[in-house]
Amino acid sequence: MNDPLSPFYTVIETMKEKGLYNTIRTIESPQGAWLVINSTKVLNFCSNNYLGLASDKRLSNAAIQAVKKWGIGNGAVRAISGTNALHIKLEEKLAKFKKVESAIVLQSGYVANIVAIQTIMGKEDIVISDELNHASIIDAIRLAQISNKFIYKHNDMKELEMRLEEAKKLQKTPRSDGGKRLILIVTDGVFSMDGDIAPMDKIVALAKKYNAITMVDDAHGEGILGSHGRGIVDHFHLHGQVDIEVGTFSKAFGVIGGAIAGKRELIEYYRQKGRPFLFSTGLSIPATAAMIECVQVLTESDTLVKKVWNNAMYLKKGFQKLGFDTGRSETPITPVMIGDENKAKEFSAKLFEHKVYATPIKFPMVPLGKARIRVMPSAAHEKKDLDFGLKVFATVGKELGII
Ligand SMILES: *Cc1c(COP(=O)(O)O)cnc(C)c1O
């Protein structure tokens, strides 16, 4: 009999032939400055573990203690019998940390974006989105089936205002239910391919002018921007002025999960209506306990936040001294520009031969001809680790004629 799934197997074969097949490496060690891959120690320049918290003993111990006390399973979705005191404690602690009225904890950053957009936006509403926004925002917009979708050039406030003008015109026609069409401006806080920051102050000002809602996905800004890593809203002192703040626990916070922070009534609405909240079991007990500890650690001290920044500055200066171009980064995310797609791939492979693990970022993730190696420093790195990385980049850079 013919296998109806066979077209997919053919795709895999074609991907392998074209060199597009994604070989996923297996990590044989905890997350940290170094990783073990194929029984070999390699310098880790590609995790989002900015603060080194993914293997922090305080967080792991909190998780172990919680499992001993509470067991492992939540038992049900949060709306039935699966909301435990840990969830509530984390939501309260997180809201306090981020200086917002309220927060809702979800299963991941991806899910948080889905809840944030799909729950309040419908077909006839209007979304205005930065062209470089994360895939989970794009998926959330698709899931909400919003037909009035405007994309503006990356961080281009002139174009954003033009789109707002168009949106205002559209708004003159009410929705078929008689309601006024919502206008949502959505942006990443820190853009993960370039490490640049969204001009939230300007976005908020434009939103006020056009009576639009603002949403920021701060996956790469939390733990990095603002005092003690409170995120982009704190960085721009915009407390209470950004309607929807989405975050992830899987990057700087070192755990897993996601959250939406904002006004009490809006978060309440998400609790009542958010489908992934109602129909999918909530964050696990160990993850929730580890996150409570994480927020505590960050509230008490900004040592790790300072360290990742110091490391990033040291590394960027090092790259620039060697003659590399580190693009438009304003955060620890450090793109090392290569240009040609194949050269970036070769560069990364050679780095790996020299025991440095840093991934190439190529089209379609970035424009054609703008391929790069993305270097992710963390607070887990020491100067000697960074020096080792710089030395290897210098060797490979000369070998491939980049510097
Ligand atoms: C990683 C990331 C997400 C997804 O977060 P998860 O918690 O891993 O689901 C969402 N948005 C942005 C901008 C991200 O970088």
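In this chain, residues are counted from 1 in sequence order. Remember, it's 1-based here, ligands and their atoms both numbered in the order they're listed.
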As a test of reading the model: which residues have a non-hydrogen atom less than 4.0 Å away from ligand 1?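 Correct list: Ser108, Gly109, Tyr110, Asn113, His134, Ser136, Asp188, Asp217, Ala219, His220, Thr248, Ser250, Lys251, Gly257.
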
Strictly by ring pair (Phe, Tyr, Trp, His ring centres under 6.0 Å), give each pair with a member in residues 90-125 just once, sequence neighbours left out. none

Sequence neighbours left out, what pairs pass side chain to side chain donor-acceptor pair (under 3.5 Å) with at least one residue falling in residues 189-218? Asn113-Asp217, His154-Asp196, Glu161-Lys209, Glu161-Tyr210, Glu165-Tyr210, Asp194-Arg328, Asp194-Arg372, Asp196-Arg328, Lys208-Gln241, Thr214-Asp243

Of all pairs that satisfy side chain to side chain donor-acceptor pair (under 3.5 Å), the ones with a partner from residues 61-70, not counting sequence neighbours: none

Side chains of Tyr50 and Asn311: donor-acceptor distance under 3.5 Å anywhere? no

What I want to check is whether the side chains of Glu124 and Ser176 have a donor and an acceptor closer together than 3.5 Å.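 On atom types as modelled, these side chains qualify, holding a pair under 3.5 Å.
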
Aromatic ring centroids of Phe319 and Phe393 under 6.0 Å? yes

